[in-house]
Amino acid sequence: MPAKPPPSENALKRERAGTYRTLDGRFTVEQSSSGWLVLDAEQADDLGLPLARGPFATLDDAKAALADARSGPAPTSDFLRRAPTPVRSKARLRAVPDASPTSKPAAKKPAEARPARPPKPAKLPVVIREIRAVDGDALRALWTAAGFRLLGDDDLGLARLARRNPGLVLVAAEGTRVVGTALGTWDGRRGWIYHVAVAPSHRRQGIATRLIDQVEEGLRALGCRKVNVMVRPDSDGGADFWSARGYDAGASTQFGRELAPD
(Lines give C-alpha, C1' and ligand atoms only; values in the text may rest on other atoms or scores of the structure.)
Protein backbone atom coordinates (compact mmCIF):
# COMPACT_ATOMS: atom_id res chain seq x y z
CA MET A 1 0.00 0.00 0.00
CA PRO A 2 1.61 3.31 -1.03
CA ALA A 3 2.62 5.60 1.78
CA LYS A 4 0.50 8.66 2.37
CA PRO A 5 2.15 11.90 1.23
CA PRO A 6 3.25 14.19 4.05
CA PRO A 7 0.72 16.90 4.95
CA SER A 8 1.15 20.28 3.27
CA GLU A 9 2.61 23.10 5.33
CA ASN A 10 -0.59 24.99 4.51
CA ALA A 11 -2.81 22.27 5.99
CA LEU A 12 -5.01 23.65 8.76
CA LYS A 13 -5.48 22.33 12.26
CA ARG A 14 -8.65 23.38 14.10
CA GLU A 15 -7.92 25.14 17.36
CA ARG A 16 -11.48 26.07 18.31
CA ALA A 17 -14.70 27.09 16.61
CA GLY A 18 -13.89 29.60 13.88
CA THR A 19 -10.10 29.45 14.38
CA TYR A 20 -7.53 27.32 12.50
CA ARG A 21 -3.73 27.31 12.37
CA THR A 22 -1.24 26.02 9.78
CA LEU A 23 0.96 23.12 10.84
CA ASP A 24 4.06 25.32 11.05
CA GLY A 25 2.20 27.85 13.21
CA ARG A 26 2.87 30.81 10.94
CA PHE A 27 -0.67 31.51 9.75
CA THR A 28 -3.90 31.68 11.71
CA VAL A 29 -7.22 31.60 9.84
CA GLU A 30 -9.93 33.23 11.96
CA GLN A 31 -13.59 33.91 11.30
CA SER A 32 -14.80 37.45 11.90
CA SER A 33 -18.10 39.21 11.33
CA SER A 34 -16.88 40.44 7.92
CA GLY A 35 -15.48 37.10 6.70
CA TRP A 36 -12.41 34.89 7.11
CA LEU A 37 -9.05 36.57 7.93
CA VAL A 38 -5.55 35.17 7.37
CA LEU A 39 -3.20 36.40 10.14
CA ASP A 40 0.55 36.20 9.41
CA ALA A 41 2.74 35.83 12.52
CA GLU A 42 5.94 36.66 10.54
CA GLN A 43 4.72 40.00 9.17
CA ALA A 44 3.29 42.91 11.11
CA ASP A 45 1.28 45.99 10.24
CA ASP A 46 2.03 49.59 11.26
CA LEU A 47 0.92 48.91 14.84
CA GLY A 48 3.07 45.79 15.24
CA LEU A 49 0.07 43.46 15.05
CA PRO A 50 0.07 40.32 12.90
CA LEU A 51 -0.60 41.28 9.30
CA ALA A 52 -4.14 40.39 8.24
CA ARG A 53 -5.22 39.40 4.74
CA GLY A 54 -8.83 39.30 3.72
CA PRO A 55 -11.63 39.21 4.50
CA PHE A 56 -12.45 36.12 2.41
CA ALA A 57 -16.00 34.94 1.82
CA THR A 58 -15.39 31.29 2.74
CA LEU A 59 -12.88 29.18 4.63
CA ASP A 60 -11.85 27.55 1.34
CA ASP A 61 -11.04 30.98 -0.12
CA ALA A 62 -8.88 31.76 2.90
CA LYS A 63 -7.08 28.39 2.59
CA ALA A 64 -6.42 29.05 -1.09
CA ALA A 65 -4.83 32.39 -0.19
CA LEU A 66 -2.24 30.74 2.05
CA ALA A 67 -0.03 29.64 -0.85
CA ASP A 68 0.13 33.17 -2.27
CA ALA A 69 0.74 34.61 1.20
CA ARG A 70 3.68 32.24 1.73
CA SER A 71 5.33 32.51 -1.71
CA GLY A 72 4.31 35.92 -3.02
CA PRO A 73 6.03 39.22 -2.36
CA ALA A 74 5.61 40.67 1.09
CA PRO A 75 2.71 43.12 1.19
CA THR A 76 3.67 46.74 1.64
CA SER A 77 1.94 49.29 3.81
CA ASP A 78 0.89 52.72 2.58
CA PHE A 79 1.16 54.06 6.12
CA LEU A 80 3.94 56.56 5.32
CA ARG A 81 2.19 57.71 2.16
CA ARG A 82 -0.96 58.35 4.15
CA ALA A 83 0.85 60.28 6.91
CA PRO A 84 0.21 64.02 6.80
CA THR A 85 2.87 66.33 5.30
CA PRO A 86 4.64 68.38 7.99
CA VAL A 87 3.27 71.92 8.22
CA ARG A 88 5.88 74.68 8.13
CA SER A 89 5.33 77.88 10.05
CA LYS A 90 5.67 81.36 8.68
CA ALA A 91 9.02 83.07 9.22
CA ARG A 92 9.41 84.78 12.55
CA LEU A 93 11.15 88.17 12.62
CA ARG A 94 13.25 89.64 15.37
CA ALA A 95 12.16 93.00 16.73
CA VAL A 96 14.19 95.87 15.21
CA PRO A 97 15.73 98.21 17.78
CA ASP A 98 15.25 101.95 17.53
CA ALA A 99 16.91 103.05 14.33
CA SER A 100 19.84 105.45 14.44
CA PRO A 101 21.62 107.11 11.50
CA THR A 102 24.42 104.59 11.71
CA SER A 103 22.38 101.51 12.64
CA LYS A 104 21.72 98.73 10.17
CA PRO A 105 18.45 96.82 9.91
CA ALA A 106 18.48 93.67 11.95
CA ALA A 107 18.91 90.51 9.88
CA LYS A 108 15.81 88.36 9.48
CA LYS A 109 15.81 85.08 11.30
CA PRO A 110 15.55 82.11 8.95
CA ALA A 111 12.17 80.49 8.88
CA GLU A 112 11.77 77.71 11.39
CA ALA A 113 9.93 74.49 10.71
CA ARG A 114 7.54 73.22 13.29
CA PRO A 115 8.07 69.61 14.25
CA ALA A 116 5.66 67.34 12.45
CA ARG A 117 2.90 65.96 14.59
CA PRO A 118 2.99 62.20 14.87
CA PRO A 119 0.19 60.61 12.87
CA LYS A 120 -2.76 59.31 14.83
CA PRO A 121 -2.71 55.52 15.16
CA ALA A 122 -5.06 53.76 12.78
CA LYS A 123 -8.37 52.85 14.41
CA LEU A 124 -8.63 49.12 14.90
CA PRO A 125 -11.72 47.34 13.56
CA VAL A 126 -14.21 45.89 16.03
CA VAL A 127 -14.29 42.13 15.47
CA ILE A 128 -17.03 39.78 16.69
CA ARG A 129 -15.52 36.54 18.00
CA GLU A 130 -16.12 33.79 20.53
CA ILE A 131 -15.18 34.24 24.16
CA ARG A 132 -11.61 33.27 25.12
CA ALA A 133 -10.14 32.09 28.40
CA VAL A 134 -8.20 35.36 28.85
CA ASP A 135 -11.35 37.51 28.57
CA GLY A 136 -12.72 36.82 32.06
CA ASP A 137 -11.50 39.91 33.92
CA ALA A 138 -12.39 42.28 31.07
CA LEU A 139 -15.88 40.77 30.81
CA ARG A 140 -16.60 41.08 34.49
CA ALA A 141 -15.40 44.70 34.51
CA LEU A 142 -17.70 45.52 31.60
CA TRP A 143 -20.68 43.78 33.21
CA THR A 144 -20.09 45.38 36.61
CA ALA A 145 -20.03 48.84 34.97
CA ALA A 146 -23.29 47.95 33.19
CA GLY A 147 -24.94 47.01 36.53
CA PHE A 148 -25.25 43.28 35.79
CA ARG A 149 -25.41 40.81 38.64
CA LEU A 150 -22.47 38.43 38.33
CA LEU A 151 -23.83 34.99 39.19
CA GLY A 152 -21.87 32.05 37.78
CA ASP A 153 -19.65 34.39 35.73
CA ASP A 154 -16.32 33.23 37.11
CA ASP A 155 -13.79 31.74 34.68
CA LEU A 156 -15.01 28.19 35.31
CA GLY A 157 -18.64 29.12 34.71
CA LEU A 158 -17.83 31.05 31.51
CA ALA A 159 -15.74 28.16 30.17
CA ARG A 160 -18.59 25.73 30.86
CA LEU A 161 -21.06 28.05 29.11
CA ALA A 162 -18.83 28.36 26.04
CA ARG A 163 -18.32 24.57 25.79
CA ARG A 164 -22.07 23.92 25.91
CA ASN A 165 -22.88 26.65 23.38
CA PRO A 166 -20.15 26.77 20.73
CA GLY A 167 -20.41 29.75 18.40
CA LEU A 168 -23.00 31.55 20.57
CA VAL A 169 -21.01 33.07 23.46
CA LEU A 170 -19.62 36.19 21.78
CA VAL A 171 -17.57 39.29 22.48
CA ALA A 172 -16.85 42.38 20.40
CA ALA A 173 -13.13 43.15 20.53
CA GLU A 174 -11.14 46.16 19.36
CA GLY A 175 -7.64 44.71 19.26
CA THR A 176 -7.16 43.18 22.71
CA ARG A 177 -9.89 45.30 24.33
CA VAL A 178 -13.34 43.81 24.93
CA VAL A 179 -15.97 46.45 24.10
CA GLY A 180 -19.17 44.40 23.90
CA THR A 181 -20.77 41.04 24.76
CA ALA A 182 -23.78 38.85 24.05
CA LEU A 183 -24.08 35.38 25.59
CA GLY A 184 -26.31 33.07 23.58
CA THR A 185 -27.50 29.68 24.85
CA TRP A 186 -29.64 26.84 23.48
CA ASP A 187 -31.45 24.36 25.72
CA GLY A 188 -32.78 22.26 22.84
CA ARG A 189 -36.18 23.96 22.87
CA ARG A 190 -35.66 27.69 23.35
CA GLY A 191 -32.80 30.08 22.81
CA TRP A 192 -31.73 32.61 25.42
CA ILE A 193 -29.54 35.72 25.26
CA TYR A 194 -27.82 37.11 28.35
CA HIS A 195 -25.45 39.97 29.25
CA VAL A 196 -25.85 42.14 26.16
CA ALA A 197 -23.58 45.11 26.92
CA VAL A 198 -21.46 47.64 25.01
CA ALA A 199 -18.83 49.93 26.52
CA PRO A 200 -20.04 53.57 26.72
CA SER A 201 -17.18 54.66 24.41
CA HIS A 202 -18.45 52.34 21.64
CA ARG A 203 -22.22 52.76 21.80
CA ARG A 204 -24.31 53.97 18.84
CA GLN A 205 -21.95 52.18 16.45
CA GLY A 206 -24.12 49.13 15.69
CA ILE A 207 -22.03 46.76 17.83
CA ALA A 208 -24.98 45.37 19.81
CA THR A 209 -26.86 44.78 16.55
CA ARG A 210 -23.92 42.86 15.08
CA LEU A 211 -23.65 40.72 18.21
CA ILE A 212 -27.36 39.85 18.28
CA ASP A 213 -27.44 39.18 14.52
CA GLN A 214 -24.67 36.58 14.92
CA VAL A 215 -26.26 34.95 17.99
CA GLU A 216 -29.64 34.71 16.25
CA GLU A 217 -28.03 33.25 13.12
CA GLY A 218 -26.28 30.60 15.22
CA LEU A 219 -29.52 29.70 17.03
CA ARG A 220 -31.42 29.54 13.74
CA ALA A 221 -28.83 27.08 12.39
CA LEU A 222 -29.47 24.83 15.42
CA GLY A 223 -33.21 24.73 14.67
CA CYS A 224 -34.24 27.22 17.33
CA ARG A 225 -37.73 28.60 16.69
CA LYS A 226 -37.91 31.14 19.50
CA VAL A 227 -35.37 33.13 21.49
CA ASN A 228 -35.91 34.90 24.80
CA VAL A 229 -33.94 37.68 26.42
CA MET A 230 -33.80 39.05 29.97
CA VAL A 231 -34.17 42.86 30.25
CA ARG A 232 -33.75 44.64 33.57
CA PRO A 233 -36.49 47.19 34.41
CA ASP A 234 -33.81 49.89 34.88
CA SER A 235 -32.04 49.11 31.60
CA ASP A 236 -31.22 52.34 29.74
CA GLY A 237 -33.02 51.98 26.41
CA GLY A 238 -33.02 48.18 26.63
CA ALA A 239 -36.76 47.71 26.13
CA ASP A 240 -36.77 50.02 23.08
CA PHE A 241 -33.82 48.17 21.54
CA TRP A 242 -35.44 44.76 21.84
CA SER A 243 -38.86 45.99 20.75
CA ALA A 244 -37.27 47.47 17.60
CA ARG A 245 -35.87 44.01 16.82
CA GLY A 246 -39.33 42.44 17.04
CA TYR A 247 -39.09 41.03 20.57
CA ASP A 248 -42.39 40.97 22.50
CA ALA A 249 -42.44 41.43 26.27
CA GLY A 250 -45.40 39.04 26.54
CA ALA A 251 -47.52 38.57 29.63
CA SER A 252 -45.64 35.81 31.47
CA THR A 253 -43.97 36.27 34.86
CA GLN A 254 -40.62 34.62 35.46
CA PHE A 255 -39.79 32.90 38.72
CA GLY A 256 -36.28 31.94 39.73
CA ARG A 257 -34.28 30.41 42.55
CA GLU A 258 -30.57 30.28 43.24
CA LEU A 259 -29.14 26.82 43.95
CA ALA A 260 -26.44 26.85 46.59
CA PRO A 261 -23.38 24.71 45.76
CA ASP A 262 -22.98 21.42 47.57
Side-chain angles (χ1 to χ4, degrees), residues 14-21 28 30-34 37 39 47 49-50 52 123-187 190-219 222 224 227-239 241-242 245 247 254 256 258-261:
R14 185 177 185 274
E15 299 227 325
R16 56 184 174 272
T19 302
Y20 300 82
R21 194 182 301 275
T28 300
E30 185 170 290
Q31 188 178 28
S32 71
S33 60
S34 57
L37 300 177
L39 307 179
L47 299 176
L49 300 173
K123 185 176 177 62
L124 296 176
V126 175
V127 176
I128 307 300
R129 61 166 174 79
E130 290 189 80
I131 190 175
R132 295 174 180 170
V134 297
D135 293 333
D137 289 340
L139 294 173
R140 287 183 286 272
L142 177 64
W143 295 335
T144 299
F148 291 161
R149 185 182 181 190
L150 304 184
L151 179 63
D153 291 330
D154 55 6
D155 288 344
L156 181 61
L158 293 174
R160 184 184 301 116
L161 183 72
R163 284 196 303 270
R164 291 176 59 90
N165 301 277
L168 299 178
V169 184
L170 306 178
V171 303
E174 184 181 68
T176 58
R177 181 188 176 193
V178 173
V179 298
T181 61
L183 312 185
T185 67
W186 166 240
D187 62 14
R190 293 285 187 264
W192 290 85
I193 304 177
Y194 303 94
H195 284 13
V196 178
V198 176
S201 59
H202 288 69
R203 290 174 184 170
R204 305 296 180 185
Q205 299 179 24
I207 294 175
T209 296
R210 291 170 57 192
L211 285 163
I212 301 306
D213 283 346
Q214 192 159 327
V215 171
E216 289 180 349
E217 185 61 30
L219 289 169
L222 293 172
C224 177
V227 58
N228 300 315
V229 63
M230 302 296 299
V231 182
R232 303 193 327 272
D234 60 345
S235 175
D236 183 15
F241 172 81
W242 292 107
R245 290 192 63 93
Y247 283 71
Q254 178 175 339
E258 296 180 16
L259 298 178

Atom pair CD/CD1 of Gln214 and Ile128 - distance to nearest 0.5 Å: 6.5 Å
Partners meeting ring-ring contact (aromatic ring centres under 6.0 Å, His included) with Trp242 (sequence neighbours left out): Tyr247
Contacts of Arg163 that satisfy side-chain contact (heavy atoms from CB on, under 4.5 Å) - sequence neighbours left out: Ala159, Arg160
Residues forming a side-chain hydrogen bond (donor to acceptor under 3.5 Å, both in side chains) with Asp213, sequence neighbours excluded: Arg245
Verdict with supporting geometry, Leu168 and Leu222, side chain to side chain contact (heavy atoms under 4.5 Å, CB included): CA-CA 11 Å; Leu168 299 178; Leu222 293 172; 4.1 Å; yes
Partners meeting side-chain hydrogen bond (donor to acceptor under 3.5 Å, both in side chains) with Gln205 (sequence neighbours left out): none
Student check: side-chain heavy atoms of Asp153 and Leu139 closer than 4.5 Å: no
Residues that Ser201 engages under side-chain contact (heavy atoms from CB on, under 4.5 Å), provided they are two or more places apart: Arg177, Ala199
For Arg204, salt bridge (charged side-chain N to carboxylate O under 4.0 Å, His left out) partners two or more places apart: none
Residues in side-chain contact (heavy atoms from CB on, under 4.5 Å) contact with Thr185, at least two apart in sequence or another chain: Leu161, Asn165, Trp192, Tyr194
Partner residues of Arg190 under the salt bridge (charged side-chain N to carboxylate O under 4.0 Å, His left out) criterion, sequence neighbours left out: none
Salt bridge (charged side-chain N to carboxylate O under 4.0 Å, His left out) against Arg140, all qualifying residues, sequence neighbours excluded: Asp137, Asp155
Test log, rule side chain to side chain contact (heavy atoms under 4.5 Å, CB included), inputs Leu142 and Thr181: CA-CA 9 Å; Leu142 177 64; Thr181 61; 3.9 Å; yes
Under 3.5 Å: donor-acceptor pair, side chain of Arg164, backbone of Trp186: no
Nearest heavy atoms of Asp154 and Gly157, plus distance in Å: OD1-N, 2.8 Å
Validation row: Val126, Val179 side chains within 4.5 angstrom (heavy atoms): yes
N/O donor-acceptor pair under 3.5 Å between Arg203 side chain and Val198 backbone: yes
Taking every non-hydrogen atom, the tightest pair across Gly167 and Leu170: O-CD2, 3.7 Å
For Cys224 against Gly191, the heavy-atom pair lying closest together: SG-N, 3.5 Å
Atom of Ala172, atom of Leu211 and distance for their closest heavy-atom approach: N-CD2, 4.0 Å
From Met230 atom CE to Phe148 atom CZ, the distance as rounded to the nearest 0.5 Å: 11.5 Å
By side-chain contact (heavy atoms from CB on, under 4.5 Å) - contacts of Thr19 (at least two apart): Glu15, Arg16, Thr28, Glu30
Stepwise side chain to side chain contact (heavy atoms under 4.5 Å, CB included) test for Asp135 and Arg129: CA-CA 11 Å; Asp135 293 333; Arg129 61 166 174 79; 2.9 Å; yes
Residues which pass salt bridge (charged side-chain N to carboxylate O under 4.0 Å, His left out) with Glu130, listed by chain and number, not counting sequence neighbours: none
Shortest non-hydrogen separation from Val215 to Gly184 and the atoms involved: CG1-CA, 3.9 Å
Check: Glu174 and Lys123 side chains under 4.5 Å, non-hydrogen atoms: yes
